[in-house]
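Below is one structure; the comments refer to it alone.
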Amino acid sequence: MSLLVVGLSHRSAPVSVLERAALGADAQVKLLQDTVAAEPAAEAAVLATCNRIELYADVDKFHAGVAELSTLLAQHSGVGLDELTPYLYVHYEDRAVHHLFSVACGLDSMVVGEGQILGQIKDSLAKAQELHSAGRLLNDLFQQALRVGKRAHSETGIDRAGQSLVTFGLEQLSAGTTVEDWARGKKALVIGAGSMSSLAAATLARVGVTEIVVANRTYDRAERLATLLVEQYGQGLTDGTDVPARAVPMDAVPVELTRADVVVSCTGATGTVLTAEDVAAAVEGRTGQPVAFDEAGDSARTTAKSPAARTNADTTDVRQTPLPPTSVGTDEDCPLDLGSVQGGFSVMGEAAVAGMDAATLEQHASWAAGSAVDRREAARRSPEADAELITALAATVATVGRIPERRKPEPVVEVPRPAPVLCLLDLAMPRDIDAAVHRLAGVRLVDIESLAEASADAPMAADVDQVRRIVSDEVAAFGAAQRAAHITPTVVALRTMAADVVANEIARLEGRLPGLDDKHRSEITQTVRRVVDKLLHAPTVRVKQLAAEPGGAGYADALRTLFDLDQETVASVSRAEDSTEKNRGPR
């Protein structure tokens, strides 16, 4: 197995780079075609989501494969190779399998445990099968990844550790209240009619919005989604309410913005769908008041975190801030033992001298000035010397007008923002909504970047460790299966050669015994075949077991050497298997 993956994700690259590197449907097709046409790659598949772009390939040379795949990603993403390279990661063989299995289980998602990635992996495999770029290795890999992901969700509570980006984004918009309480009575506008937009619309219907309007560039798709929403949520909800839904063309979005309380946008557009001016005009049309750009809006983005993260941030004090070393013998050679001082301070600043006796104060002053003072000698100073130093300190006080004291920094006073009249959730990559909307007073925007910041502090469920163990076990099993499969063409070639030997010997026997009747001929033929099968059974079974172990790749070579097997025969078996896999349609 020579599996290689080159990619970038929300973990390795800033949103601005991911946004520029996003691949449209046509670009993905061209990337796959160019990859399998490249010399090092025999198979290829692309996994492109809102927060990752990964290119998987079966390569015959590692370094050449990395160079080729990186270059192709840069060419088709439109981001220069020099700029893209620092954000790329590379996984090879077992590590590449481990990575995809972790992705399938939701361990590498922005929201840990979300299950939507399984559908995206399935779509990726279907596209590669449709283009015949997936052979035996990638078919086996992606299908096994889907099984591992489903196993993780069925056998563990990983679902409790996270949810879809839609749900997580709505939680950020609800700002600490439950999504149901926040959504009740609101009107929603969904821009886009793809899988993510459909999920958003269904989620909004379930949490209790009073109306959903769907806008899409292709009106028929918007109308189809609206019809499905009416059929599923227009009646029969547990609270007995109906959720009407209707479709509108994209040019109706400005008008619908003035009616909507919450907007979710996820289109495949490469440019901005809603500008800051569009949103400001909608809010002004709704409130009748001009909308100002709020400089506090940028800082407000960082508050879009989970309730637990906000609680932790509120209770954090200065003692959690990393401090310079303060004990005797540190690299800084500070002669003071200040470990007992609580509250945090700078050993070079004025806060460090508060409450010190005169001898300690002199030590600190000498050390700060660059000279060393023996603490023991300073401790033997007379009370008269202490009095002189205290007098000097008093003179300093008279000059500066106050005594230096240790104190916590003044809390930062946040400028209160008005309650939002319009909430926007941007799940597109590249983004649909202008980032400048963050600065509009009376508007709350949650986008992929703010979701990444919030999810970094989200708590991990205890079940994550169990999922990691599942992934490790499945990676080992997949590797063993692939190594065992690697020897299969050699075993098939060996049995083919044995069958040819039997056929030749039976033909030779018939030449020597022309009067042999059919009954005896059949009995002799079956006996010879049974003898050959029994002789080959134990060695072929054992060699498959040995080949499945790490380092077992050499057993295929040993078989070919011992039985003088034709290399071309073995290769033809492999080509036949790969051709079957590549021509297999989506399943």
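Just so you know, residue 1 is the first one in the sequence shown, and it goes up from there.
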**Request:** Can you see which heavy atom on D278 is nearest to which on V273, and at what distance?
**Result:** OD2-O, 4.0 Å
**Fill in**
Value for OG (S70) from CG (L8), rounded to nearest 0.5 Å, stands at 10.5 Å
**Request:** Take R151 and E474 through the test salt bridge (charged side-chain N to carboxylate O under 4.0 Å, His left out) and record every step on the way to the result.
**Result:** CA-CA 10 Å; R151 180 187 169 192; E474 291 285 358; 2.8 Å; yes
**Asked** Does the side chain of T218 pick up a donor-acceptor pair with the side chain of D220 at under 3.5 Å?
**Response** no
**Request:** Could you tell me whether the side chain of S124 and the main chain of V46 form a donor-acceptor pair under 3.5 Å?
**Result:** yes
**Message:** Under the criterion side-chain contact (heavy atoms from CB on, under 4.5 Å), I'd like the reasoning laid out for L138 against L125: C-alpha separation, chi angles, the key distance, then a yes or no.
**Reply:** CA-CA 8 Å; L138 292 186; L125 174 60; 5.8 Å; no
**Check: G106 main-chain N/O paired with E114 side-chain donor or acceptor under 3.5 Å** = no
**Item:** Flag side-chain contact, heavy atom, 4.5 Å: W182 against C423
**Value:** yes
**Fill in**
The side chain to side chain contact (heavy atoms under 4.5 Å, CB included) partner of C266 among S198, S195, S197 is S197
**Message:** For a side-chain contact (heavy atoms from CB on, under 4.5 Å) check, start with the C-alpha distance between I470 and F101, then their side-chain angles and the critical distance, and finish with the verdict.
**Reply:** CA-CA 9 Å; I470 289 175; F101 287 4; over 6 Å; no
**Asked** Going by heavy atoms in the side chains, are E54 and Y56 under 4.5 Å from each other?
**Response** yes
**Complete:** ring-ring contact (aromatic ring centres under 6.0 Å, His included) filter on H91, not counting sequence neighbours, yields Y89, H99
**Asked** Does the side chain of V103 reach to within under 4.5 Å of the side chain of L107, using non-hydrogen atoms?
**Response** no
**Asked** Measuring from L424:CG to D432:CG, what's the distance to the nearest 0.5 Å?
**Response** 11.0 Å
**Asked** Looking just at side-chain N and O atoms, do T272 and D434 make a donor-acceptor pair shorter than 3.5 Å?
**Response** no
**Message:** Is it true that Q466 and T156 share a donor-acceptor pair across their side chains at a distance under 3.5 Å?
**Reply:** no
**Item:** Shortest non-hydrogen contact between T35 and A44, atoms and distance
**Value:** CG2-CB, 3.5 Å
**Prompt:** With no hydrogens and no angle check, is any side-chain donor or acceptor of D261 less than 3.5 Å from a backbone partner on L422?
**Reply:** no
**Request:** Drop me the distance from L165's CG to I448's CD1, to the nearest 0.5 angstrom.
**Result:** 5.5 Å
**Message:** Between S450 (side chain only) and V446 (backbone N and O only), is there a donor and an acceptor less than 3.5 Å apart?
**Reply:** no
**Message:** Quick one, V263 and L425 - any side-chain contact, counting heavy atoms below 4.5 Å?
**Reply:** no
Show me the donor-acceptor pairs within less than 3.5 Å that the side chains of residues 243-252 make with the rest of the protein, sequence neighbours left out.
from, atom 1, to, atom 2, distance (Å)
R246, NE, E211, OE2, 3.2
R246, NH1, E256, OE2, 3.2
R246, NH2, E256, OE1, 3.1
R246, NH2, E256, OE2, 3.3

**Message:** Could you measure the distance from the CG atom of L451 to the CD atom of E171? Nearest 0.5 Å is fine.
**Reply:** 10.5 Å
**Message:** Measuring only between side-chain heavy atoms, which start at C-beta, is V179 closer than 4.5 Å to S174?
**Reply:** yes
**Non-hydrogen side-chain atoms of S2 and F62 separated by less than 4.5 Å** = no
**Shortest non-hydrogen contact from S102 toward V471** = OG-CG1, 3.8 Å
**Verdict with supporting geometry, I191 and T267, side-chain contact (heavy atoms from CB on, under 4.5 Å)** = CA-CA 7 Å; I191 303 176; T267 72; 3.8 Å; yes
**Message:** One thing to verify: whether R469 and D473 come together as a salt bridge, which I'm taking to mean a side-chain N less than 4.0 angstrom from a carboxylate O.
**Reply:** no
**Request:** Evaluate the criterion salt bridge (charged side-chain N to carboxylate O under 4.0 Å, His left out) for residue pair D447 and R431; output intermediate values, then yes/no.
**Result:** CA-CA 8 Å; D447 54 18; R431 73 188 80 198; 3.6 Å; yes
**Asked** Within a strict 4.5 Å, meaning less than it, do heavy atoms of the Q129 and N139 side chains meet?
**Response** yes
**Request:** Decide yes or no for Q116 and M196: does some side-chain heavy atom of the first lie under 4.5 Å from some side-chain heavy atom of the second?
**Result:** yes
**Complete:** Tightest non-hydrogen contact, residues I53 and A21, listed as CD1-O, 3.0 Å
**Message:** How close do L4 and G65 get, counting heavy atoms only, and between which atoms?
**Reply:** CD2-C, 3.5 Å
**Request:** Answer yes or no: does atom CZ of R217 have more than 12 heavy-atom neighbours from other residues, nucleotides or ligands under 6.0 Å?
**Result:** no
**Prompt:** Got a sec, which pairs hit salt bridge (Lys or Arg N to Asp or Glu O under 4.0 Å) with one end in residues 98-113, sequence neighbours left out?
**Reply:** R11-D108, R52-D108
**Request:** Please report the closest heavy-atom contact between L118 and A145, naming both atoms and the distance.
**Result:** CD2-O, 4.4 Å
**Prompt:** So, the side chain of S12 versus the backbone of L88: is there a donor-acceptor pair under 3.5 Å, distance only?
**Reply:** no
**Request:** Assess whether side-chain contact (heavy atoms from CB on, under 4.5 Å) is satisfied between V214 and L229, documenting all intermediate values.
**Result:** CA-CA 10 Å; V214 181; L229 290 171; 4.2 Å; yes
**Prompt:** What's the spacing between L445 CG and H438 NE2 if we round to 0.5 Å?
**Reply:** 4.0 Å
**Fill in**
NZ (K150) and SG (C105) are apart, to the nearest 0.5 Å, by 12.5 Å
**Asked** Looking only at side chains, do Q144 and R147 share a donor and an acceptor under 3.5 Å apart?
**Response** yes
